[in-house]
Trainee: 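Mind looking over this structure? Questions follow.
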Amino acid sequence: MSLIYNIQSSVIKSLSSLFGQEFTESDFQINQTKPEFEGDYTVVLFSLLKKTGKAPQALGEELGNYLVAEYPGLFEKYNIIKGFLNLAVPDSYWLELLNTYYDNLSFGRQAANGRKVMVEYSSPNTNKPLHLGHLRNNFLGWSVAEILKAQGFEVLKSSIVNDRGMHICKSMIAWEKWGNGETPESSGKKGDHLVGDFYVMFENELRRQAAELKVREDAGDISHYDEAQQHKLIELQQHRNKLLEDKGYSAVAENLAQLDAGAHKERQELESRKEYKIIKEKIAKIDAEMMETRRGATPIMAEVKQMLIDWEAGKPEVIDLWKMMNGWVYKGMDVTYKLIGSDFDKTYYESNTYLLGKDIVQEGLEKGIFFRKPDSSVWIDLTADGLDEKLVLRKDGTSVYITQDIGLARQKHDEYNIDKSIYVIGNEQNYHMKVLRLICQKLGLSYADDIYHLSYGMVELPEGAKMKSREGTVVDADDIVAEMEREAQAKTEELGKVKDFTPGELAELYHIIGLGALKFFLLRVDPKNTIEFDPTKTIDFVGFTAPFIQYNYARIKSVLRKNELQKNIHLPLDFLPLEKELIASIEKYPVIIRQASEELNPSAIALYIYDIAKTFSSFFAEHSIANAETAEKRELRLRISTMTANVIKSGMRLLGIDVPERM
RNA sequence: GGCCCGGUAGCUCAGCUGGAUAGAGCAUCAGCCUUCUAAGCUGAGGGUCAUUGGUUCGAAUCCAAUCCGGGUCACCA
């Protein structure tokens with residue numbers, strides 16, 4: 001059991017016997033003692049004053065004396081400063097820990113707890129290659145799965161491949177029109193990139209056609225729209241006109257129009273007026289909606305819709321094309337997955353699951369949880385829960401996204417009897433996942449409460465710009481990994497420490513360092529927060545980074561290669577501050593794993609491992625290991641170093657990051 | 001507009017189940033390689049923890065309001 005839990009339970013027992021009442025861990029707080037005070041852990045006494053009826057000093061004395069007397073293995077001495085009881089753990093405790101675990105590579109990992117978890121992550125679309133945002137998802141999902149394994153869970157990694165729908169049909173149409181039979185082989189392009197290129201081509205043509213419709217529309221020709229589209233456009237236009245007439249807007253707009261081109265300052269001042277800004281945003285939204293309507297009315301979109309119908313009907317040439325292009329994508333993505341170290345125990349394909357859930361909707365209808373509207377579409381009313389009405393079945397009886405999600409949730413449960421189902425999905429789908437869970441709960445599905453959305457923030461370009469595949473503003477996954485490897489190479493060559501490596505060893509090293517830096521960059525941040533990535537700046541290799549940690553690992557290994565451990569030496573019973581700090585930090589590793597698994601938060605591991613590496617780095621600079629004052633000190637430091645290296649390696653593995661023996 | 005998330009050093013982030021003088025990295029400045037790997041170490045400067053009010057012995061942390069930024073409220077996925 002970890003030290004902090006030992007301390008907690010001994011304090012609870014001591015308080016109970018001293019004061020004859022029940023105490024729990026929520027009655028008081030135990031912190032790490034601040035470095036400026038003597039001691040290792042601190043009991044905060046304030047919260048206990050009322051219950052014990054004591055003054056801080058008296059309570060501290062009484063508790064401190066009792067703890068030292070009753071638990072001499074845990075507490076050596078104590079001091080009280082204001083309301084804080086600082087407890088010092090004897091060096092013998094740290095020494096025993098070190099001797100027990102220093103060479104144990106599974107230190108921190110828990111035995112199997114018999115519970116099963118599924119972690120769904122990655123879940124790519126098959127119309128484009130992976131980008132930096134997908135990498136965050138992949139690294140997160142993989143790491144969370146490993147952390148849960150370390151905490152004793154049985155974990156299944158799964159992925160749902162979105163292999164059918166509008167998006168892939170767009171690439172297919174573009175390939176038919178402009179592909180000239182191009183294949184990955186003939187073009188020398190990776191399959192996923194090739195298909196992605198056609199997706200962009202489609203998007204360009206779609207945009208061109210939509211713009212053309214707008215030109216006609218402006219000229220008064222709206223014959224290309226059906227009745228519903230015409231109606232919608234007219235409505236939007238009226239709304240737009242109304243906004244333009246708003247005083248707050250029109251006044252500013254007029255002033256702006258009168259300004260010279262050079263009047264930047266005045267322009268800025270006017271544009272920053274609140275009422276103007278708000279209306280401008282609203283207009284932009286309406287413009288976007290109008291353009292979306294036009295896009296839906298283009299001839300090329302009609303082709304996509306027809307292809308989707310043909311696909312569902314199983315039209316052979318469409319199915320063949322679909323299979324061929326998806327095949328290219330899978331092959332390309334497998335290369336990327338291998339490159340970044342993602343793997344899955346179970347892969348679901350949307351083409352197999354998109355019909356799931358309809359039967360559940362039927363059951364829900366019978367139970368009165370869903371209701372049918374006059375047009376025969378099926379809905380659920382979630383307004384009582386602060387949400388909206390949500391469609392679950394279209395009027396033609398076909399399912400929507402959430403329908404198959406309900407079905408897949410059940411399939412996962414039925415197939416694997418999992419205790420918890422974690423979905424690693426971006427925070428843009430918070431609402432959707434909330435609805436999914438709520439619907440399952442309302443349906444009374446036994447596993448509804450086990451659905452957990454691990455929501456993570458977007459990776460954004462500077463100034464909040466979004467990465468959008470169809471606009472080509474993405475940072476490609478393969479590209480960024482290659483660039484990181486190049487950076488690692490440049491830095492390694494500059495330092496010239498591994499000149500004896502073979503080309504193969506060098507390539508491996510560059511991969512370990514480059515990919516490690518990238519993974520750490522994305523995992524060190526709390527999952528729920530947005531990450532800003534500036535493509536014009538390279539990701540750091542110094543400071544709070546994977547290479548820094550890897551470097552310290554390599555330094556330890558270098559020392560250990562030159563200095564053998566001596567098993568029989570009796571270790572000295574006194575530590576220098578940095579020695580003690582290192583052991584005390586290492587001791588917390590199991591607690592950190594537990595915390596990370598409870599929070600599903602790899603950044604807790606990243607922060608912790610960095611902290612260990614940093615402490616080691618100071619220790620390494622301050623004290624010589626090989627030339628320690630005595631043979632006993634040397635052995636002590638070798639064991640501390642060994643254990644540090646093991647924890648670094650183990651912790652980095654939980655993040656999916658390798659550590660090199662030399663760099 | 002409703003709901004959700006965020007606002008901490010010039011920048012990127014920790015700290016948030018309330019506790020001692022708010023921490024790292026980058027950047028800036030000053031030192032440190034004849035000894036185990038300097039991708040390093042030591043030190044310095046840098047903060048109205050968005051604002052205001054409240055709860056408390058004690059608030060970056062909890063509550064309320066406000067301001068700013070983002071997400072979402074699709075018969076897309």
Side-chain angles (χ1 to χ4, degrees), chain A residues 25-26 29 31 33-34 36-37 42 44-47 49 56 81-84 86 123 125 160 162 164-167 274 292 350 354 375 377 379 383 385-396 398-402 404-405 425-432 434-435 455 457-458 460 464 466 488 491-492 494-495 497-498 513 517 521 524-526 528-534 537 540-552 554-563 603-604 606-607 610-611 614 617-628 634 637-638 641 662-663:
Chain A
E25 63 266 20
S26 54
Q29 219 174 39
N31 301 328
T33 305
K34 300 259 169 199
E36 55 268 36
F37 302 105
T42 296
V44 184
L45 299 170
F46 300 106
S47 57
L49 303 182
I81 295 167
K82 294 195 231 165
F84 300 91
N86 301 319
S123 304
N125 288 357
I160 166 97
N162 301 306
R164 51 133 249 142
M166 292 278 200
H167 50 281
K274 202 175 159 184
E292 199 55 48
E350 201 196 312
Y354 81 105
D375 70 353
S377 57
W379 298 71
T383 48
D385 298 275
L387 307 178
D388 308 283
E389 285 187 354
K390 182 83 188 171
L391 178 92
V392 291
L393 222 48
R394 296 191 184 102
K395 62 184 172 203
D396 60 3
T398 58
S399 53
V400 288
Y401 182 49
I402 197 129
Q404 55 178 306
D405 269 352
I425 302 179
N427 61 12
E428 61 204 346
Q429 290 191 42
N430 284 356
Y431 180 79
H432 173 80
K434 203 169 166 182
V435 169
S455 165
M458 300 289 102
E460 286 182 355
K466 301 270 172 302
K491 190 72 189 167
T492 302
E494 185 188 317
L495 293 168
K497 293 178 183 177
V498 288
I513 295 173
F521 174 77
R524 64 175 209 194
V525 179
D526 190 310
K528 70 171 181 294
N529 290 133
T530 307
I531 290 180
E532 188 182 307
F533 174 78
D534 187 343
K537 293 182 194 151
D540 272 340
F541 280 66
V542 297
F544 183 21
T545 66
F548 172 84
I549 297 166
Q550 291 167 324
Y551 169 67
N552 279 288
R555 292 206 291 188
I556 296 174
K557 292 312 250 190
S558 171
V559 173
L560 293 176
R561 274 193 298 274
K562 294 171 189 163
N563 301 277
S603 78
L607 287 161
Y610 170 69
D611 187 58
K614 202 158 80 83
S617 194
S618 297
F619 163 76
F620 187 84
E622 195 74 25
H623 307 295
S624 174
I625 298 167
N627 298 315
R634 179 174 176 276
R637 288 178 189 166
L638 283 171
S641 302
R662 290 178 57 195
M663 68 184 275

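Note on naming: letters A, B, ... go to the chains in the order of the sequence lines (proteins, then strands), and numbering restarts at 1 for each one. For the numbers below, each heavy atom of this structure counts, side chains included, while hydrogens, waters and symmetry mates do not.
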Trainee: B:G19 base stacked by A:Phe84? Criteria: ring centres under 5.5 Å, plane angle under 30°.
Mentor: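 Not stacked by the 5.5 Å and 30° rule.
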
Trainee: What is the nucleic acid contact for A:Ile625, judged by heavy atoms within less than 4.0 Å: base, sugar-phosphate only, or nothing?
Mentor: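 It contacts base atoms.
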
Trainee: Has the side chain of A:Asp375 got a donor or acceptor atom that lies under 3.5 Å from a matching backbone atom of A:Ser377?
Mentor: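 Yes: the side chain of A:Asp375 pairs with the backbone of A:Ser377.
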
Trainee: For the P atoms, the ones on B:U21 and on B:G25, what distance do you get once it is rounded to whole angstrom?
Mentor: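 It works out to 23 Å between them.
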
Trainee: Both distances below 3.5 Å, Watson-Crick or wobble geometry, any strand: find the nucleotide opposite B:U34.
Mentor: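 Partner of B:U34: none found under 3.5 Å.
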
Trainee: Under 30°, 30 to 60°, or over 60°: which ring-plane class applies to A:Phe521 and A:Phe533, parallel, tilted or perpendicular?
Mentor: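 Because their plane-to-plane angle is over 60°, the rings of A:Phe521 and A:Phe533 count as perpendicular.
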
Trainee: Please name the nucleotide paired to B:A59 by Watson-Crick or G-U wobble geometry with both distances under 3.5 Å, or report none.
Mentor: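 Matched B:A59 with nothing under the 3.5 Å cut-off.
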
Trainee: Using a cut-off of 4.0 Å between protein heavy atoms and nucleotide atoms, how would you tag nucleotides 22-28 of chain B 5' to 3' with B, S and -?
Mentor: --SSS--

Trainee: Can you tell me how far P in B:C63 sits from the matching atom in B:G18, rounded to whole Å?
Mentor: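 The answer is 11 Å between these two P atoms.
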
Trainee: I would like to know whether A:Ser641 and A:Phe620 meet side-chain contact (heavy atoms from CB on, under 4.5 Å); could you show each step before the answer?
Mentor: CA-CA 9 Å; A:Ser641 302; A:Phe620 187 84; over 6 Å; no

Trainee: Take atom CG of A:Asp534 and atom C1' of B:C11, then tell me their distance rounded to the nearest Å.
Mentor: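 The answer, rounded to whole Å, is 11 Å.
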
Trainee: So, is A:Ser624 near the phosphate of B:U35, with a side-chain N or O under 4.0 Å from OP1 or OP2?
Mentor: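 No, no such contact exists.
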
Trainee: Establish, with yes or no, whether the OP1 or OP2 oxygen of B:U42 is under 4.0 angstrom from a side-chain nitrogen or oxygen of A:Ser618.
Mentor: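 For A:Ser618, the contact criterion (side-chain N or O under 4.0 Å from OP1 or OP2 of B:U42) is met.
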
Trainee: Checking all strands, does A:Asn86 fall into the base, sugar-phosphate, or nothing category for heavy-atom contacts under 4.0 angstrom?
Mentor: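 Since a base atom lies under 4.0 Å of A:Asn86, the category is base.
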
Trainee: Give a yes or no on whether the backbone of A:Phe544 and the side-chain of A:Arg524 come within a donor-acceptor separation of less than 3.5 Å.
Mentor: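 Confirmed, A:Arg524 side chain pairs with A:Phe544 backbone.
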
Trainee: Which value, in whole Å, describes the distance between the P atoms of nucleotides B:G7 and B:U28?
Mentor: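 27 Å, rounded to whole Å.
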
Trainee: Would you measure the distance from the C1' atom in B:C16 across to the matching atom in B:U8 and give it in whole Å?
Mentor: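 Their C1' atoms lie roughly 11 Å apart.
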
Trainee: Using atom P of each nucleotide, how far apart are B:U61 and B:G15 to the nearest Å?
Mentor: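 The answer is 15 Å between these two P atoms.
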
Trainee: Which part of the nucleic acid, if any, lies within contact of A:Asn563, taking any heavy atom under 4.0 Å across all strands shown: a base, the sugar-phosphate backbone alone, or nothing?
Mentor: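 Touches nothing.
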
Trainee: What's A:Tyr551 touching, base or sugar-phosphate or nothing? Going by heavy atoms closer than 4.0 Å.
Mentor: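 Touches a base.
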
Trainee: Produce a footprint string for nucleotides 67-77 of chain B: one letter per nucleotide, 5' end first; B if the base is under 4.0 Å from any protein heavy atom, S if only the sugar-phosphate is, - if neither.
Mentor: -SSSSSS-BSB

Trainee: So what does A:Ile513 touch, heavy atoms closer than 4.0 Å: a base, only the sugar-phosphate, or nothing?
Mentor: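 Here A:Ile513 touches the bases of the nucleic acid.
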
Trainee: Taking the basic N atoms (NZ, or NE/NH1/NH2) and the acidic carboxylate oxygens, is any pair closer than 4.0 Å for A:Asp396 and A:Arg394?
Mentor: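 No, this pair does not count.
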
Trainee: Applying a 4.0 Å non-hydrogen cut-off, can you work out what A:Ala621 is touching in the nucleic acid: base, sugar-phosphate, or nothing?
Mentor: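 Counting heavy atoms under 4.0 Å across all strands, the contact made by A:Ala621 is with sugar-phosphate only.
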
Trainee: Give none if B:A44 has no partner; otherwise give the nucleotide forming a Watson-Crick or G-U wobble pair with it, both distances under 3.5 Å.
Mentor: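 Partner of B:A44: B:U28.
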
Trainee: Taking a pair as Watson-Crick or G-U wobble with both distances under 3.5 Å, which nucleotide is matched to B:G1?
Mentor: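 Partner of B:G1: B:C73.
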
Trainee: Where does B:C33 fall, syn or anti, if syn means a chi angle no more than 90° from 0?
Mentor: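 Syn.
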
Trainee: Just to be sure I understand the rule, does A:Val525 reach a base, reach only the sugar-phosphate, or reach nothing, if contact means heavy atoms closer than 4.0 Å?
Mentor: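 Since only primed, P, OP1 and OP2 atoms lie under 4.0 Å of A:Val525, the category is sugar-phosphate.
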
Trainee: With a distance cut-off below 6.0 Å to the six-membered ring centre and an angular limit of 45° from the axis, does A:Arg164 pair with A:Tyr354 as a cation-pi contact?
Mentor: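 Yes, a cation-pi geometry holds between A:Arg164 and A:Tyr354.
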
Trainee: Check for me: is A:Phe46 stacked on B:G19 by the 5.5 Å centroid and 30° plane-angle rule?
Mentor: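 Yes, aromatic ring over the base.
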
Trainee: Go through the steps to decide whether A:Val525 and A:Thr530 satisfy the test side-chain contact (heavy atoms from CB on, under 4.5 Å), and finish with yes or no.
Mentor: CA-CA 8 Å; A:Val525 179; A:Thr530 307; over 6 Å; no

Trainee: Determine whether A:Asn430 and A:Ser455 satisfy the following criterion, side-chain hydrogen bond (donor to acceptor under 3.5 Å, both in side chains), listing intermediate values before the conclusion.
Mentor: CA-CA 7 Å; A:Asn430 284 356; A:Ser455 165; 2.8 Å; yes

Trainee: Give a yes or no answer on whether the side chain of A:Arg637 reaches the backbone of A:Ser624 with a donor-acceptor pair at less than 3.5 Å.
Mentor: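 Checking the backbone N and O of A:Ser624 against the side chain of A:Arg637, a donor-acceptor pair under 3.5 Å is found.
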
Trainee: A:Ser617 has a side chain; which of B:C41, B:A20, B:U37 sits nearest to it?
Mentor: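 The answer is B:C41, which lies nearest to the side chain.
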
Trainee: Distance between the P atoms of B:G47 and B:C73, in whole angstroms?
Mentor: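 These two P atoms come out 42 Å apart once rounded.
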
Trainee: Which whole number of Å gives the distance between the P atom of B:G43 and that of B:C5?
Mentor: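 B:G43 and B:C5 have their P atoms separated by 40 Å.
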
Trainee: From C-beta outward on A:Glu532, which listed nucleotide comes closest to its side chain: B:G19, B:U37, B:U12?
Mentor: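 Selected nucleotide: B:U12.
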
Trainee: Base, sugar-phosphate or nothing for A:Lys491? Non-hydrogen atoms, less than 4.0 Å.
Mentor: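 Base contact.
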
Trainee: Which one is paired to B:A22, where only Watson-Crick or G-U wobble pairs with both distances under 3.5 angstrom count?
Mentor: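 Partner of B:A22: none found under 3.5 Å.
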
Trainee: Have a look at A:Ser47 and say if it touches a base, only the backbone sugar-phosphate, or nothing, with a 4.0 Å heavy-atom cut-off.
Mentor: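 Base: the residue A:Ser47, judged by heavy atoms under 4.0 Å, touches a nucleobase.
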
Trainee: Taking the P atom of each, how far is B:U48 from B:C36, in whole Å?
Mentor: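 Between the two P atoms, the distance is 44 Å.
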
Trainee: Under the criterion side-chain contact (heavy atoms from CB on, under 4.5 Å), I'd like the reasoning laid out for A:Asn563 against A:Ile625: C-alpha separation, chi angles, the key distance, then a yes or no.
Mentor: CA-CA 9 Å; A:Asn563 301 277; A:Ile625 298 167; 5.7 Å; no

Trainee: For A:Tyr431 and A:Asp388, what are the C-alpha separation, side-chain angles and deciding distance, and is it a side-chain hydrogen bond (donor to acceptor under 3.5 Å, both in side chains)?
Mentor: CA-CA 10 Å; A:Tyr431 180 79; A:Asp388 308 283; 2.8 Å; yes

Trainee: Under 3.5 Å, is there any donor-acceptor pair linking the side chain of A:Thr42 to the base of B:A20?
Mentor: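 Such a pair is found, so the answer is yes.
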
